[in-house]
Amino acid sequence: MQNAVIKDIFDGFNDYLNKEQELREQIREVVREIDQAAKEATIALQVIHSSLTDVPAACQSARQQFEVCRKGYQRLAELIPEGQYYRYNDHWHFLTQRVVFLVALTVYLEKGFLVSRDTTAEVLGMKTKQSDGFHLDIEDYLMGVLQMASELSRYAINSVTLGDYERPLAISKFVADLNSGYRLLNLKNDGLRKRFDALKYDVKKIEEIVYDISIRGLRADAGAGQAPAAAAASEQ
């Protein structure tokens with residue numbers, strides 16, 4: 001009798017574990033699809049480092065991949081049981097940060113401003129409120145934007161190589177504004193804080209590019225003494 005009771009208990013555990021494993025495998029399958037779309041978007045956007053004329057087409061290609069991501073996130077929203085978002089989000093946590101980075105970079109290349117969390121969530125078919133279930137976590141959004149800042153520092157360097165001496169100035173102002181915005185946040189000593197600490201180096205790197213352009217006379221309206229002061233401010 002006792003053996004039968006124990007067997008019933010562990011049979012129940014086994015059913016639970018099998019269903020859990022099946023659900024996680026379904027989640028992993030969808031995440032792989034999103035990851036592949038993110039890779040395709042990344043490849044498309046790499047053209048910004050080698051061409052001045054192909055950027056609009058690259059952004060359009062990236063947006064097509066965002067549609068794939070959107071469908072994937074909607075499938076995840078259907079799979080995740082109510083109230084258990086954070087139980088499973090380790091499957092898509094870092095991937096979502098990368099997708100946010102790609103969306104933010106695309107919008108910047110198209111429009112020249114920072115895409116909001118609300119708009120990013122809309123592009124990806126996600127909610128913004130935790131109470132609504134499957135949502136775009138604030139930390140994932142902030143981490144994605146920081147990744148974009150690093151990519152823009154590389155973009156500034158390669159723009160000069162391609163002969164575009166105006167773009168680094170626009171990037172410098174944009175990233176400096178980002179830096180000011182992040183300084184308003186009360187960040188604890190965690191991954192987000194460490195990633196933010198790297199932003200000041202991105203700011204400094206871009207300002208040095210602008211300064212170099214100025215002293216070489218490649219921009220007639222750029223003051224030679226402007227960039228070092230800004231660089232010094234970024235160290236504070």
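What you are looking at is a predicted structure, and each value in this text was computed from that prediction instead of being measured.
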Asker: Mind checking whether T96 and Y73 have side chains closer than 4.5 Å, heavy atoms only?
Answerer: yes
Asker: Stepwise, does the salt bridge (charged side-chain N to carboxylate O under 4.0 Å, His left out) test hold for R167 with D164?
Answerer: CA-CA 6 Å; R167 189 167 302 279; D164 186 347; 3.2 Å; yes
Asker: I want to check something: taking the side chain as every heavy atom from C-beta on, are V68 and Q64 in contact at a cut-off of under 4.5 Å?
Answerer: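 Not touching, per the 4.5 Å side-chain cut-off.
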Asker: State whether the side chain of S153 and the backbone N or O of S150 hold a donor-acceptor pair below 3.5 Å, judged by distance alone.
Answerer: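 Confirmed, S153 side chain pairs with S150 backbone.
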Asker: With the threshold set at 4.0 Å, does a side-chain nitrogen-carboxylate oxygen contact exist between R154 and E151?
Answerer: yes
Asker: Honestly curious: do L95 and L124 fall in one hydrophobic cluster under the side-chain, below-4.5 Å linking rule?
Answerer: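 Linked within one cluster.
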Asker: Between I138 and Y85, is there a shared hydrophobic cluster once you connect ILVMFWY residues whose side-chain heavy atoms come closer than 4.5 Å?
Answerer: yes
Asker: Would a single hydrophobic cluster contain both L109 and F101, if residues Ile, Leu, Val, Met, Phe, Trp and Tyr are joined by side-chain heavy-atom contacts under 4.5 Å?
Answerer: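 Yes, one cluster joins them.
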Asker: Can you confirm whether E25 is buried at CD, in the sense that more than 12 heavy atoms of other residues, nucleotides or ligands lie under 6.0 Å from that atom?
Answerer: yes
Asker: Any heavy-atom pair between the side chains of R117 and L136 that's under 4.5 Å?
Answerer: yes
Asker: For P56 versus T53, what's the shortest heavy-atom pair and its separation?
Answerer: CD-O, 3.7 Å
Asker: Tell me whether the rings of Y108 and F174 are parallel (<30°), tilted (30 to 60°) or perpendicular (>60°).
Answerer: tilted
Asker: When rounded to the nearest 0.5 angstrom, what is the spacing between CZ in R87 and CG in L23?
Answerer: 8.5 Å
Asker: Measuring from atom CD of E22 to atom CG of L79, what distance do you get when rounded to the nearest 0.5 angstrom?
Answerer: 10.0 Å
Asker: Does the salt bridge (charged side-chain N to carboxylate O under 4.0 Å, His left out) test come out yes or no for E33 and K71, once each step is laid out?
Answerer: CA-CA 10 Å; E33 294 175 4; K71 293 177 181 177; over 6 Å; no
Asker: Please assess Y86 against D137 for the test side-chain hydrogen bond (donor to acceptor under 3.5 Å, both in side chains), listing each intermediate value before the final yes or no.
Answerer: CA-CA 10 Å; Y86 286 105; D137 190 77; 2.6 Å; yes
Asker: State, with a plain yes or no, whether a side-chain heavy atom of W92 is found less than 4.5 Å away from one of V99.
Answerer: no
Asker: Check S61 against A44 and note the closest heavy-atom contact, atom names and distance.
Answerer: CB-CB, 3.9 Å
Asker: Would you say that R63 contacts V107 through its side chain, given a criterion of any heavy-atom pair below 4.5 Å between the two side chains?
Answerer: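 Side chain of R63 against side chain of V107, heavy atoms only: contact under 4.5 Å found.
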Asker: Please report the interatomic distance CD(Q65) to CD1(I34), rounded to the nearest 0.5 Å.
Answerer: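 Spacing of CD (Q65) from CD1 (I34) equals 12.0 Å.
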Asker: How far does CG of N18 sit from CD of Q21, to the nearest 0.5 angstrom?
Answerer: 6.5 Å
Asker: Identify the two heavy atoms, one from L199 and one from A149, that lie closest to each other, and give their separation to 0.1 Å.
Answerer: CD1-CB, 3.5 Å
Asker: Counting only N and O atoms by type, is there a donor-acceptor contact under 3.5 Å from the side chain of S172 to the main-chain atoms of P168?
Answerer: no
Asker: Start with the C-alpha gap between L45 and L102, add the side-chain angles, then the distance that decides, and say whether side chain to side chain contact (heavy atoms under 4.5 Å, CB included) holds.
Answerer: CA-CA 8 Å; L45 292 174; L102 293 168; 3.9 Å; yes
Asker: Decide whether L162 and Y155 are clustered together by the hydrophobic rule: side chain heavy atoms of Ile, Leu, Val, Met, Phe, Trp, Tyr closer than 4.5 Å, transitively.
Answerer: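 Cluster IDs for L162 and Y155 differ.
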Asker: Treating T119 as the side-chain partner and V115 as the backbone partner, does any N or O pair qualify as donor plus acceptor under 3.5 Å?
Answerer: no
Asker: Report yes if the side chains of I48 and N158 come closer than 4.5 Å at any heavy-atom pair, otherwise no.
Answerer: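 No. Closest side-chain heavy atoms not under 4.5 Å.
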Asker: Within a 6.0 Å radius of atom CD on E40, are there more than 12 heavy atoms belonging to other residues, nucleotides or ligands?
Answerer: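 Atom CD in E40 is crowded, with more than 12 foreign heavy atoms closer than 6.0 Å.
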Asker: Using only atom types and a distance under 3.5 Å, with no angle test, would you say the side chain of H135 pairs donor to acceptor with the backbone of G133?
Answerer: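 Yes; judged by distance alone, with no hydrogens or angles, the pair exists.
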Asker: In Å, rounded to the nearest 0.5 Å, how long is the span from CG of D118 to OG1 of T128?
Answerer: 5.0 Å
Asker: Take a 6.0 Å sphere around CG of L52 and say whether it holds more than 12 heavy atoms from other residues, nucleotides or ligands.
Answerer: yes
Asker: Taking all non-hydrogen atoms of both residues, which atom of L192 and which atom of L142 are closest, and how far apart?
Answerer: CD2-CD1, 3.8 Å
Asker: Under the side chain to side chain contact (heavy atoms under 4.5 Å, CB included) criterion, do I27 and I80 qualify, and how do the steps go?
Answerer: CA-CA 8 Å; I27 292 172; I80 305 305; 3.5 Å; yes
Asker: Could you report the tightest heavy-atom contact between A38 and R98, atom names first, then the distance?
Answerer: CB-NH1, 3.6 Å
Asker: Would a single hydrophobic cluster contain both M148 and F94, if residues Ile, Leu, Val, Met, Phe, Trp and Tyr are joined by side-chain heavy-atom contacts under 4.5 Å?
Answerer: no
Asker: Pick one: which of K200, R195, R193 meets salt bridge (Lys or Arg N to Asp or Glu O under 4.0 Å) with D197?
Answerer: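 Result: among K200, R195, R193, R193 is the only option passing the salt bridge (Lys or Arg N to Asp or Glu O under 4.0 Å) with D197.
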Asker: Roughly how far apart are Q97 CD and Y141 OH, rounded to 0.5 Å?
Answerer: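 The distance works out to 13.5 Å.
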Asker: Do any N or O atoms from the side chain of Y88 and from the backbone of R24 form a donor-acceptor pair under 3.5 angstrom?
Answerer: no
Asker: Measure across G125 and R70 and return the closest heavy-atom pair with its distance rounded to 0.1 Å.
Answerer: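 Minimum heavy-atom contact is N-NH1, 3.4 Å.
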Asker: Step by step, would you call R32 with Q36 a side chain to side chain contact (heavy atoms under 4.5 Å, CB included)?
Answerer: CA-CA 6 Å; R32 281 193 291 268; Q36 183 59 39; over 6 Å; no
